[in-house]
Amino acid sequence: MKLRIIILVLAILAILSAFSGGLLYYHSLRHAALKQAENSSKSRLELLNRQLNTYLSEHVKPVKALAGLDVLKRLFDVKSRGFIMEKGNHVLDNFARALDLEVCYLIDLGGTTIASSNRNDHDSFVGRNFAFRPYFIDASAGDPGRYLALGTTSRKRGVYYSHPVFDNGQNEVVGVAVVKASVERIESQLFVGSDGILLVTDPNGVIFISNLREMRFMLLWELDREAIEKINETRQFGSGPWLWTGFSRPLDGMVKDRNGQRYLYFDMPLEKYPGWQIVQLKNIDAISRQLSDPFIQIIGPIILVIAGFIAVSVLVLYRKALHELIRRRQLESELRASEARYRHIYHKTPVMLHSIDTQGIIIRVSDFWLQKMAYHRNEVIGRKLTDFYTPESKQYAEEVIFPVFFKTGFCEEIPYTYVNRMGEKIEILLSCYGVRDDEGKVVRSLAVSVDVTEKNQVQHDLEKAREKLSRYSQDLELQVEQRTDELRKTQDQLRRLSGGIMAAHENERRAVSRELHDHLGQMLTALKMDVTWIEKYLAGRRRDGDEKASARAAGICHLIDETIGDVREMAFRLRPGVLDDLGLVDALELMTREFEKRSDVSCRFRCDAVPELDDTINTALYRIAQEAVTNALRHSGATDILVTLQNRLEAGQSMVMLRVEDNGCGLSDSPKGTYQGLGLTGMRERATLAGGELSIVSRPGQGTVVECCLFPGRFGGPC
């Protein structure tokens with residue numbers, strides 16, 4: 001019975017809630033509609049203000065141009081006016097016609113119109129005095145003017161633009177040029193079809209432009225007689241009558257008419273027209289009707305359907321509730337059984353489990369925890385968990401871990417050390433999860449402790465073994481460094497010995513070359529001179545035996561010439577004198593020419609500006625080039641050899657690079673370019689001893705490039 005009453009009350013509340021929700025929804029829609037109307041009105045006024053300002057400013061420049069025409073300036077001279085009046089009228093007519101203006105006219109300094117484009121109309125301005133108009137007063141004082149007013153003659157609304165007319169010296173004002181544009185065109189283009197009431201009012205509230213014809217020249221607000229008299233004195237809008245529209249002053253963004261009808265009120269100042277405003281009024285009841293009619297037609301039936309649905313649902317829910325109560329009793333019974341199973345699993349799981357409250361008091365422990373710690377349950381429950389920690393672990397837990405855990409509700413693999421009843425230390429890794437209450441605060445923990453005592457001991461032993469291995473490795477590295485140092489010293493000794501041998505070899509070559517050139521060459525030359533004398537002597541005697549002896553002497557002379565050539569060539573190969581006398585560049589150039597003479601191969605030499613080098617470096621580069629060119633001629637079958645000597649800047653240091661490139665058959669493939677051979681080894685040794693590096697790049701059928709890079713500042717020894 002109690003359940004039925006509860007469901008009935010809930011049904012009534014649901015129906016009331018549906019109706020209340022519909023009512024609130026309607027009010028919220030109404031508020032949103034009013035807000036939307038407010039936003040759209042503000043946007044509309046901003047757009048209208050920009051458009052209206054554009055329209056009201058479009059003739060500022062034309063009237064300035066009109067005032068600057070020389071023919072119109074001459075109209076203000078009484079003496080010449082009669083001669084050029086026809087031409088001036090023609091100009092005014094063209095301006096009015098071209099710019100679709102209502103009228104263009106000129107006013108002298110006395111305020112009298114002397115020429116006008118409407119001179120032939122019944123409401124002609126010619127001869128009329130407009131000295132009272134503010135636009136004339138401003139322009140006659142030298143300032144352009146703009147003015148919204150009703151024509152005193154034409155009785156038509158318009159925008160007046162005036163500009164002073166200066167004499168040819170541009171110093172004195174001689175008159176005023178005025179153009180008048182119709183407001184009717186602006187009103188028809190911008191105001192017709194607008195939502196609500198759209199007005200343009202002067203500072204006194206006189207309606208000058210409106211989308212409702214009957215409201216033109218009415219007073220938006222109620223004015224006293226004195227204010228109305230001032231409006232009459234200006235003659236800006238005629239002589240009235242100045243009827244009041246019935247609107248009250250705005251309050252909280254709303255106004256009321258004389259019938260009590262409420263309107264949303266929006267206004268915005270009109271740019272460049274002080275005190276003038278653009279005003280929009282929207283009927284609140286009309287906005288509400290636009291919202292309420294569709295709402296009642298659509299939402300009303302929906303609410304009734306919802307109410308009926310709720311009534312039907314009450315009966316269904318009643319049956320469901322009875323079924324749910326029976327099912328809940330079954331679930332509660334199953335929950336109690338599940339809790340009993342959970343406790344059994346908790347206590348019998350072979351893992352150290354415990355739970356503490358926010359004070360660190362133990363509220364539950366597993367049987368395995370008691371077994372490892374050798375305590376009874378009644379000796380543990382109610383005590384602080386940290387009582388079973390070592391002092392270090394206790395301090396770490398209370399100062400670091402507990403504050404973080406009760407804030408975050410989680411911690412993982414925290415190292416602690418337990419002390420059991422026998423005083424034995426048990427090293428554990430603790431992971432903990434926080435159980436929270438309905439407010440989200442941690443009220444107790446569920447923690448798992450894993451015994452890692454044996455694991456830590458094994459790890460400790462492993463660390464000791466690693467330390468021993470590290471020490472052994474360090475000793476081994478030290479021995480390797482010592483052996484490496486000894487090997488390096490041996491290599492240095494071998495390099496110095498090789499350098500000494502090469503230097504001695506080079507000195508011996510130089511000595512042999514000099515001996516061949518100086519001693520043997522001189523002896524052969526002297527011998528040639530003697531043989532030549534004998535040849536000439538025998539030839540002068542002109543006998544048969546002497547002629548044969550002369551021919552034999554000529555043959556000997558020829559053999560001596562060939563021997564002298566061979567001696568010179570041998571001396572040059574052993575040690576070219578040009579290398580010592582003129583330097584590396586000339587020696588390489590001479591060498592390539594000699595090779596080209598002795599073979600059918602094109603052998604070219606190119607050189608950049610190379611600084612003066614040490615004699616030892618010169619010798620090394622020359623011998624490397626000589627060996628590379630010789631190898632190319634002998635083994636590669638090349639038809640073109642290029643020797644290049646360059647000076648470059650690498651990492652702020654000067655580098656000399658010798659490059660010998662041929663188009664021969666190339667070398668056989670070798671891993672990492674480590675080509676072997678006595679000549680190649682000699683070139684590498686010379687490059688190393690000179691403080692440089694030698695590289696050989698070659699592929700079968702694609703030629704060979706031998707490149708030697710020397711840093712003069714790294715000269716390492718004789719070569």
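Worth saying up front: this structure is predicted, and the values here are computed from it rather than measured.
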Flag the pair [X] / [Y] as yes when at least one side-chain heavy-atom distance between them is below 4.5 Å, and no otherwise.
X	Y	answer
Thr704	Val697	no
Asp451	Lys372	yes
Leu385	His354	yes
Asp662	His635	no
Val380	Leu370	yes
Val419	Phe388	no
Ile361	Lys384	yes
Ser636	Asn631	no

May I ask you to say whether [X] pairs ionically with [Y], meaning some side-chain N is under 4.0 Å from a carboxylate O?
X	Y	value
Arg604	Asp640	yes
Glu379	Arg377	no
Arg593	Glu596	no

Strictly distance-based, threshold 3.5 Å: is any side-chain N or O of [X] a donor or acceptor partner for the main-chain N or O of [Y]?
X	Y	result
Thr592	Cys603	no
Ser698	Gly703	yes
Arg421	Ala374	yes
Ser355	Ser445	yes

_Looking at Glu463, I'd like to know if its CD atom is crowded, meaning that more than 12 non-hydrogen atoms belonging to other residues, nucleotides or ligands lie closer than 6.0 Å._
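Enclosed.
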_Exceeds 12 heavy-atom contacts within 6.0 angstrom, atom CG of Asp485_ =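 Enclosed: over 12 neighbouring heavy atoms sit under 6.0 Å from CG of Asp485.
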_Among residues at least two apart in sequence or on other chains, which ones pass ring-ring contact (aromatic ring centres under 6.0 Å, His included) with Tyr389?_
Tyr416, Tyr418
*Excluding sequence neighbours, so at least two apart, what forms ring-ring contact (aromatic ring centres under 6.0 Å, His included) with Phe410?*
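For Phe410 there are no ring-ring contact (aromatic ring centres under 6.0 Å, His included) partners, ignoring immediate neighbours.
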*Pair Arg327-Gln330, side-chain hydrogen bond (donor to acceptor under 3.5 Å, both in side chains): steps then yes or no*: CA-CA 5 Å; Arg327 184 170 174 274; Gln330 293 175 351; over 6 Å; no
*asked:* Under the rule for salt bridge (charged side-chain N to carboxylate O under 4.0 Å, His left out), what residues qualify as partners of Asp438, not counting sequence neighbours?
replied: none
Drop me the distance from [X]'s [atom1] to [Y]'s [atom2], to the nearest 0.5 angstrom.
X	Y	atom1	atom2	result
Met422	Glu424	CE	CD	4.5 Å
Cys665	Gln702	SG	CD	12.0 Å
Ser449	Leu429	OG	CG	9.0 Å
Phe605	Leu642	CZ	CG	9.5 Å

*Using distance alone, with no hydrogens and no angle criterion, decide if Thr639 and Asn663 have a side-chain donor and acceptor under 3.5 Å apart.*
yes
Side-chain donor-acceptor contacts of residues 473-484 below 3.5 Å, not counting sequence neighbours, with atom names and distances?
residue : atom : partner : partner atom : Å
Thr484  : OG1  : Val480  : O            : 2.6

Identify all side-chain donor-acceptor contacts of residues 391-400 below 3.5 Å with residues at least two apart in sequence or on another chain.
residue : atom : partner : partner atom : Å
Ser393  : OG   : Thr390  : OG1          : 3.2
Ser393  : OG   : Thr417  : N            : 3.0
Glu398  : OE2  : Thr386  : OG1          : 3.3

*Scan for ring pair (Phe, Tyr, Trp, His ring centres under 6.0 Å) pairs involving residues 430-488, sequence neighbours excluded, and state none if there are none.*
none
*Apply the test side-chain contact (heavy atoms from CB on, under 4.5 Å) to residues Leu430 and Cys411: give CA-CA distance (whole Å), side-chain angles for both, the deciding distance (0.1 Å), then the verdict.*
CA-CA 8 Å; Leu430 184 142; Cys411 63; 4.2 Å; yes
*Please test Val656 against Leu645 for side-chain contact (heavy atoms from CB on, under 4.5 Å), starting from the C-alpha separation and ending with a verdict.*
CA-CA 7 Å; Val656 178; Leu645 185 65; 3.8 Å; yes
